[in-house]
There are 2 protein chains.
Amino acid sequence: MPTAQSSSPEPLPAPPQLSTMETAVIDVFVSAVKLIGLPKSVGEIYGLLFSSPNPLTLDSLVRRLSISKGSASQGLKVLRSVGAVRPVYVAGDRRDHYAAETELKKLVAGFIREELQPRLDSGTERLSHLNSLLASSHPADSAFLSARISKLGQWHARSKSVLPLLTGLLD
Amino acid sequence: MPTAQSSSPEPLPAPPQLSTMETAVIDVFVSAVKLIGLPKSVGEIYGLLFSSPNPLTLDSLVRRLSISKGSASQGLKVLRSVGAVRPVYVAGDRRDHYAAETELKKLVAGFIREELQPRLDSGTERLSHLNSLLASSHPADSAFLSARISKLGQWHARSKSVLPLLTGLLD
DNA sequence: CGCGGAGTTCAAGAAATTTTGAACAATTTG
DNA sequence: CAAATTGTTCAAAATTTCTTGAACTCCGCG
């Protein structure tokens with residue numbers, strides 16, 4: 001029995017009160033997550049799960065973090081997609097329970113796969129579009145532009161080959 | 001003499017008109033730059049410089065991209081700091097001229113040095129703060145939390161050692 | 001079946017970030 | 001030196017992104 005959630009007559013949800021420790025950990029993940037361009041709520045959710053010995057339900061996240069159900073749902077969706085969070089079956093409870101995945105390699109791999117690779121892939125199309133434009137470009141600049149676009153192509157190829165390697169460097 | 005900027009009596013700055021090619025290249029850099037969390041204007045500026053055979057002044061950037069002087073100034077500051085842009089001396093012109101740095105390795109190294117490393121460094125302090133909080137945490141969770149914070153420390157150390165390696169994988 | 005709990009979706013509001021523009025500082029030049 | 005030119009700064013406006021909350025879909029249960 002985690003916290004005594006007894007039948008208090010208060011109309012307000014009663015401050016869910018995060019411990020100082022939890023707040024500090026969450027803060028770390030909020031920063032981290034913003035750095036990689038994901039919304040704060042994702043960091044809050046992951047941070048709380050990371051601090052929690054047992055899996056939590058969407059509902060607990062909503063209460064303890066004071067965020068909306070919508071945010072929690074969307075945040076969990078992202079975390080699930082990158083494999084940062086794992087659903088845990090709990091007997092006799094219809095609700096989903098989630099636990100934080102703590103293997104760095106998995107987290108990075110998931111982020112690369114879901115957030116970075118798709119961009120690189122769309123870059124391939126972009127590049128061929130640029131090459132097609134090259135034909136109709138002003139002849140005077142043509143040589144220069146051709147060189148630059150080829151440079152872009154090099155970058156792109158290099159990125160595509162290096163990103164996956166990154167995963168290998170971890171753990 | 002690049003563009004004939006003759007004395008036209010028009011009150012409006014006259015649409016600077018980017019070529020289709022330029023627009024497409026800029027578009028690529030705007031996406032890239034947003035991915036890494038920098039403002040669009042930074043991508044626009046770098047994109048135009050990347051497409052340009054000769055170095056451009058702040059003023060040309062303002063006119064051709066139709067952005068404010070403030071944006072251009074701030075954007076160039078960022079680009080200079082990460083070494084994505086190089087000032088080029090032009091005889092008999094008081095203004096600064098800028099050229100795009102196109103060595104991928106340099107760009108990545110600069111970004112890591114200026115934008116990523118500082119965050120990792122502040123993370124060091126954060127971690128020791130967490131460790132100090134550990135003392136005052138509820139004994140029941142103490143073992144679990146201790147393990148999690150140690151995990152965080154591992155991640156941190158691993159990141160600090162891997163990030164610099166990244167540079168070596170390029171070019 | 002219909003009710004109720006769990007979770008998702010998405011349009012509208014709130015918050016955060018970026019851009020603007022005008023005032024300022026620093027130089028150069030006539 | 002004063003005037004003109006170049007670039008910077010920063011508060012306010014504009015834009016973008018995130019969060020909210022209510023409507024909705026699914027399911028399992030009685």
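On a predicted model such as this, the values are computed, not experimentally measured, just so you know. Note: hydrogens, waters and symmetry copies are ignored here, and every other heavy atom, side chains too, is used. The sequence lines fix the lettering, A, B, ..., with proteins before strands; numbering per chain opens at 1.
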Inset, instruction - Report yes or no: is the cationic atom of Arg86(B) (NZ for Lys, CZ for Arg) closer than 6.0 Å to the six-membered ring centre of Tyr98(B), at no more than 45° off its axis? - result: no

Legend entry - Partner set under side-chain hydrogen bond (donor to acceptor under 3.5 Å, both in side chains) for Arg119(A), not counting sequence neighbours: none

Inset, instruction - Report the distance from atom NZ of Lys77(A) to atom C1' of dT9(C), rounded to the nearest whole Å. - result: 8 Å

Legend entry - Euclidean distance, atom CG of residue Leu76(B) to atom P of dT6(D) [Å, nearest integer]: 15 Å

Legend entry - NZ/NE/NH1/NH2 to OD/OE distance under 4.0 Å, Lys160(B) and Asp121(B): yes

Legend entry - Pair listing, side chain to side chain donor-acceptor pair (under 3.5 Å) test, anchored in residues 23-41 of chain A, at least two apart: Ser31(A)-Arg126(B)

Can you check whether [X] has a side-chain N or O nearer than 4.0 Å to OP1 or OP2 of [N]?
X        : N       : answer
Arg94(A) : dA6(C)  : no
Lys69(B) : dA22(C) : no
Arg80(B) : dG7(D)  : no

Legend entry - Sugar-phosphate only, base, or nothing, as touched by Asp96(A) at under 4.0 Å among non-hydrogen atoms: sugar-phosphate

Inset, instruction - Answer with yes or no whether the hydrophobic clustering places Val42(A) together with Leu107(A); edges join I, L, V, M, F, W, Y residues whose side-chain heavy atoms lie under 4.5 Å apart. - result: yes

Legend entry - Spacing of Tyr46(A) atom OH and Glu101(A) atom CD [to the nearest 0.5 Å]: 7.0 Å

Inset, instruction - If a protein heavy atom is under 4.0 Å from the base, mark B; if only from the sugar-phosphate, S; if neither, -; do that for nucleotides 10-19 of chain C going 5' to 3'. - result: B------SSB

